[in-house]
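Here the structure comes first, spelled out in structure tokens, and everything after it is commentary.
Numbers for residues simply follow the sequence, beginning at 1. The analysis underlying the following values was restricted to heavy atoms, covering all of them including side chains, and did not include hydrogens, waters or symmetry mates.
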Amino acid sequence: MVTPREDWLQQVTEDPIDPDLPICDPHHHLWERPGNDYMLDDLLRDLRSGHNIVSTVFLECSSMYREDGPEHLKPLGETEFVAAVAEEAAARSNVQTNINAAIASHADLTLGEAVGEVLEAHIELGKGRFRGIRHGTSHDPSPVIPAYRDRGPGVMMTSEFREGFEQMRRLDLTFDAWLYHPQLPELADLAHSFPEVTIILDHIGAPLGIGPYEGRRAEVMEVWKRSIAEVAQNENVFVKVGGCGMPNYGNGWHERDTPPGSVELAESTAPYYLYVIEQFGVDRCMFESNFPVDKASYSYNVMWNSFKRIVADFSDSEKAALFHDTAVKAYRL
């Protein structure tokens, strides 16, 4: 993971576009990592970029796990930590944003039926904010492609994973899907098999641009488009529109002398983001920050400006859905 550089980001500053538009940021992390901390005060500095961030959703990132006890229960430490951060933020008189209004943590769905114990404990520890889990399944045979919780190919198709997913249905929890574009057909199958479960596809399904996919952008985009259209046929799937600041996508912004401004960023990402919105509709799409991961490539202010440029011609109701209402619906805020 590339560590964000504040001095590098500050080379490009912009006034916020449409600063009063209410925004729910449905995807950010909090963590302590060597040389790359991103805790409450770091998040608040980004939120004060001039955009009207009224609420946020925390997404799991292996943060503050319990150090002892059974292995399958260690992720409960993340929910405990994030719920406490939410209470700390709410107690500060100068914080108007509902921080961690919803929490998506981790549980290992390959535990099958036994994962129900973990999910029920998350619900109790979340103090009314826990909404579901993300079990990342990102996998690619190339060693160049970074994996997160890689269990090998086809994990979403296994009986163990689907027995665990049945517990998600039983408890009415959301599932955040983090995978790469070649795996999208597996997600389409999962969504079709569990129409009652709200599934939220992270980062537009990750069209890869490094390793064996480098220099094949047009070819990758066509494969990705077909798979996105297949996934979109399932009405229970929402999608987060963002994530292109990750190096996996092959844009290389983090390697430049200066970061992109919102005009360049909008021009580069619009073909992907507008296609997703076309396929899913505004009522199933939500713009996301994916901070601090995407902070390696651009600032929080520039990112939201780029989103607003992309949909400048949309109606007020469409903008409300993309920036706020869809996230509120998906995560039941």
Side-chain angles (χ1 to χ4, degrees), residues 27 134-142 144-148 150-158 161-162 165 174-195 197-252 265-288 290 294 307 310-311 314 318 321-322 326 330:
H27 195 112
R134 179 170 74 169
H135 180 139
T137 60
S138 56
H139 170 82
D140 191 89
S142 170
V144 177
I145 309 295
Y148 183 61
D150 188 357
R151 295 294 186 87
V155 66
M156 288 184 288
M157 307 295 286
T158 64
F161 187 94
R162 296 200 171 198
F165 214 82
T174 60
F175 175 72
D176 267 75
W178 171 224
L179 42 77
Y180 294 139
H181 78 271
Q183 300 172 285
L184 284 168
E186 296 175 31
L187 183 68
D189 186 274
L190 182 69
H192 179 73
S193 300
F194 291 90
V197 178
T198 294
I199 295 174
I200 302 163
L201 174 60
D202 293 349
H203 319 323
I204 66 167
L208 291 167
I210 61 173
Y213 306 97
E214 186 175 356
R216 299 168 54 196
R217 187 173 297 274
E219 178 186 345
V220 167
M221 190 171 190
E222 287 307 309
V223 173
W224 169 81
K225 277 185 170 183
R226 290 195 296 271
S227 296
I228 283 292
E230 181 184 3
V231 173
Q233 296 302 309
N234 299 280
E235 295 292 331
N236 55 322
V237 182
F238 294 74
V239 62
K240 289 177 178 174
V241 181
C244 285
M246 290 186 286
N248 301 355
Y249 289 58
N251 291 307
L265 192 56
E267 290 175 349
S268 178
T269 57
Y272 295 90
Y273 295 169
L274 289 175
Y275 181 77
V276 167
I277 294 169
E278 172 192 312
Q279 293 298 310
F280 282 84
V282 297
D283 292 330
R284 289 194 287 146
C285 288
M286 60 192 97
F287 285 121
E288 57 156 342
N290 191 34
D294 276 33
F307 294 154
I310 289 171
V311 297
F314 283 40
E318 289 171 328
L322 290 164
T326 298

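Counting heavy atoms from C-beta outward, E235 and P195 have side chains that stay 4.5 Å or more apart. Residues N290 and M246 meet the side-chain proximity criterion, which asks for heavy atoms closer than 4.5 Å. Here the side chains of T326 and C285 are not in contact, with every heavy-atom distance at 4.5 Å or above. Using a 4.5 Å heavy-atom threshold, the side chains of M286 and V241 count as separate. Residues E230 and P185 form a side-chain contact, since some pair of their non-hydrogen atoms from C-beta on lies under 4.5 Å apart.
A donor-acceptor distance shorter than 3.5 angstrom exists from the side chain of N251 to the backbone of C244, with no hydrogens or angles considered. The backbone N or O of A232 lies less than 3.5 Å from a partner atom in the side chain of R284, making a donor-acceptor pair. The closest donor-acceptor contact from the side chain of N248 to the backbone of L208 lies at 3.5 Å or more, if one exists at all. Counting only distance, with no hydrogens or angles, the side chain of D294 and the backbone of G245 share a donor-acceptor pair below 3.5 Å. D140 places a side-chain N or O within donor-acceptor distance of the main-chain N or O of S142, the cut-off being under 3.5 Å.
A side-chain N or O of S193 and one of R162 form a donor-acceptor pair less than 3.5 Å apart.
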Q.
Pair H203, Y249 - check ring-ring contact (aromatic ring centres under 6.0 Å, His included), show working.
A. CA-CA 10 Å; H203 319 323; Y249 289 58; 7.5 Å; no
(Q) Pair F175, F165 - check ring-ring contact (aromatic ring centres under 6.0 Å, His included), show working. (A) CA-CA 9 Å; F175 175 72; F165 214 82; 5.0 Å; yes
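Taking the six-membered ring for Trp and thresholds of 30 and 60 degrees, F287 and F307 have nearly parallel ring planes, at less than 30 degrees apart.
The side-chain contact (heavy atoms from CB on, under 4.5 Å) check on T137 picks up H135, V155, M156, F161, L179, Q183, with sequence neighbours excluded.
Environment of CD in E214: sparse, with no more than 12 heavy atoms of neighbouring residues, nucleotides or ligands closer than 6.0 Å.
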